[in-house]
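Structure, as structure tokens:
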2 protein chains.
Amino acid sequence: MAVSNGTASDEPSTATVDGVVTAVRDGIMQGRYAPGQRLPEADLVSLYQASRGAVRTALAQLENEGIVLRERNRGARVRPISLDEAVEITEARAVVEGLCAAKAAQRITTEEKKSLRALSDELRTAVEAGDVMAYTRANQEVHRAIRDISRHETAAHMLDRLRTQSVRYHYTVALLPGRPSVGMREHIEVIESVCSGDADLAEKTMRAHLMSVVDALQQLDANLHQW
Amino acid sequence: MAVSNGTASDEPSTATVDGVVTAVRDGIMQGRYAPGQRLPEADLVSLYQASRGAVRTALAQLENEGIVLRERNRGARVRPISLDEAVEITEARAVVEGLCAAKAAQRITTEEKKSLRALSDELRTAVEAGDVMAYTRANQEVHRAIRDISRHETAAHMLDRLRTQSVRYHYTVALLPGRPSVGMREHIEVIESVCSGDADLAEKTMRAHLMSVVDALQQLDANLHQW
DNA sequence: GTAACCAAGATTGTTAACAATCTAGTTGCC
DNA sequence: GGCAACTAGATTGTTAACAATCTTGGTTAC
């Protein structure tokens, strides 16, 4: 059997199309399904108690999202993502999240400023405690919050799609020496620039932050080639 | 029957999943299927001689692309796009095509400069002849060429998706008084900035061009509300 | 005359069986 | 021993029938 339910955290009960999609997507994003791993229809059927038709359309949708690869008569497998591709995705995120930051700076309310600044404290606490897991989560919270504040649905959809493809590398980047403190500083700058209401500044700061992630990725690449 | 094959230009012969997808997508983009129009499965089956399963997965894919709307037990219809949404889409295009222009400026070869500049002449000819159709086509050619030159696959995929959603408005914008000559000037500026090799300049010029399209859309909106 | 109700037709959702294709292991030949 | 052809099993693709749901038109009661 090529697929097994490693952690029993999620319910393997009867599922619909969307259920299978989210289950497999989460599995890939959490790293439970390895890149290149096969995803036979029969396994997913018995694992999630869904009909084969449901599994089939779910796989079609995941292929369309770009996280699953399908070959005719050869089935589906988890699409591997190269570091070059991760760089491209982060570059694309840089410009789209830059747009979000600009719009957010224009549209942010007083209450939203308050809850956004609360995330700064979360970041500090996580970095001081050396908690990489909490740091990564707070990071994602910052980006999600700014995306929501921007109220730009088109950009939000695009980022949803990009995120699912690249999340696998986030943990790796966070593990680079000195990365958490640098990232924290950048995130706080982003938060403050959005709260300032200056759209141009917010966009520039967000872009600079994500381009620094690109640099970190390429540094990662250099480290890998060294070994 | 809610669906009819108005023009007999495309082949209504036996089709696979991808065949149905491209046929319906083109139909929507060319305006043969009106916004809100119903797309009953049975009609598509007899029209494209495809199996119902194929039609079904095709509709699921089109829904995922955001150009078709489906409701449970109520079928599929062409998704209407509001002008607000068209503005959002164009804003998103502005930043992503800006990225492409920057990369294209860095990566363009001598031959590519030549073929890109040839498009400037096409634009001039079309505007001088007052041929809106040829003008629109040349416009799209410029954007596609820069996208290809950038060699940024992630951005290319995102633009593919955005394009299919917004094309319906392009003709309308082109019909605004004075628009073709303004658009021609902007496109030529974009072409020259990419050929100059200055990534920052190329990005700025491309963004300015698409933000001027946003202005034109909002002007269109004002005109509509006036009536 | 209006509104609630009901039934028939149309449309979509689901399931199961069958067909086509690929993979891996085995056998036979050189 | 190595390579090619073959066969059995596994896996995916396709089709058709059945079930569930919605829409529409007419009917009836008030």
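Below, chain A is the first sequence line, B the second, and so on; all start at residue 1. If you're wondering where the values come from, they're calculated on a predicted model, not measured in any experiment.
- For the pair A/Cys100/A/Leu159, a side-chain contact is recorded, criterion being any heavy-atom separation below 4.5 Å from C-beta on.
- For A/Ala94 against A/Arg207, the heavy-atom pair with the smallest separation is O-CG, 3.4 Å.
- Applying the side chain to side chain donor-acceptor pair (under 3.5 Å) test to B/Arg70 and every residue at least two apart in sequence or in another chain returns nothing.
- In the model, B/Thr154 has no side-chain atom that pairs as donor or acceptor with a side-chain atom of A/Glu91 under 3.5 Å.
- Residues from residues 60-74 of chain A placing a heavy atom under 4.0 Å of any atom in DNA chain D, listed by number, are A/Arg70, A/Arg72, A/Asn73.
- The closest side-chain donor-acceptor pair between B/Arg161 and A/Asn64 falls under 3.5 angstrom.
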Please report the C-alpha distance between A/Leu162 and B/Met158 in whole Å, then the side-chain angles of each, then the deciding distance to 0.1 Å, and finally whether the side chain to side chain contact (heavy atoms under 4.5 Å, CB included) criterion is met. CA-CA 9 Å; A/Leu162 288 176; B/Met158 296 169 80; 3.8 Å; yes

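- Think of the region where chain B sits on DNA chain D: with heavy atoms and a 4.0 Å cut, that region ends 5' and 3' at D/dT15 to D/dT23.
- For the helix from C/dG1-D/dC30 to C/dC30-D/dG1, the angle separating the two terminal helix axes comes to 0°, with each axis derived from five pairs and the value rounded to 10°.
- The salt bridge (Lys or Arg N to Asp or Glu O under 4.0 Å) contacts involving residues 106-115 of chain B comprise B/Glu112-B/Arg151, where partners must be two or more places apart or lie in separate chains.
- Legend: residues meeting ring-ring contact (aromatic ring centres under 6.0 Å, His included) with A/His152, ordered by chain and number and at least two apart, are absent.
- The distance from the OG atom of A/Ser150 to the CD atom of B/Glu88 is 8.0 Å, given to the nearest 0.5 Å.
- The one candidate from A/Val24, A/Val55, A/Thr16 that meets the side-chain contact (heavy atoms from CB on, under 4.5 Å) condition with A/Tyr48 is A/Val24.
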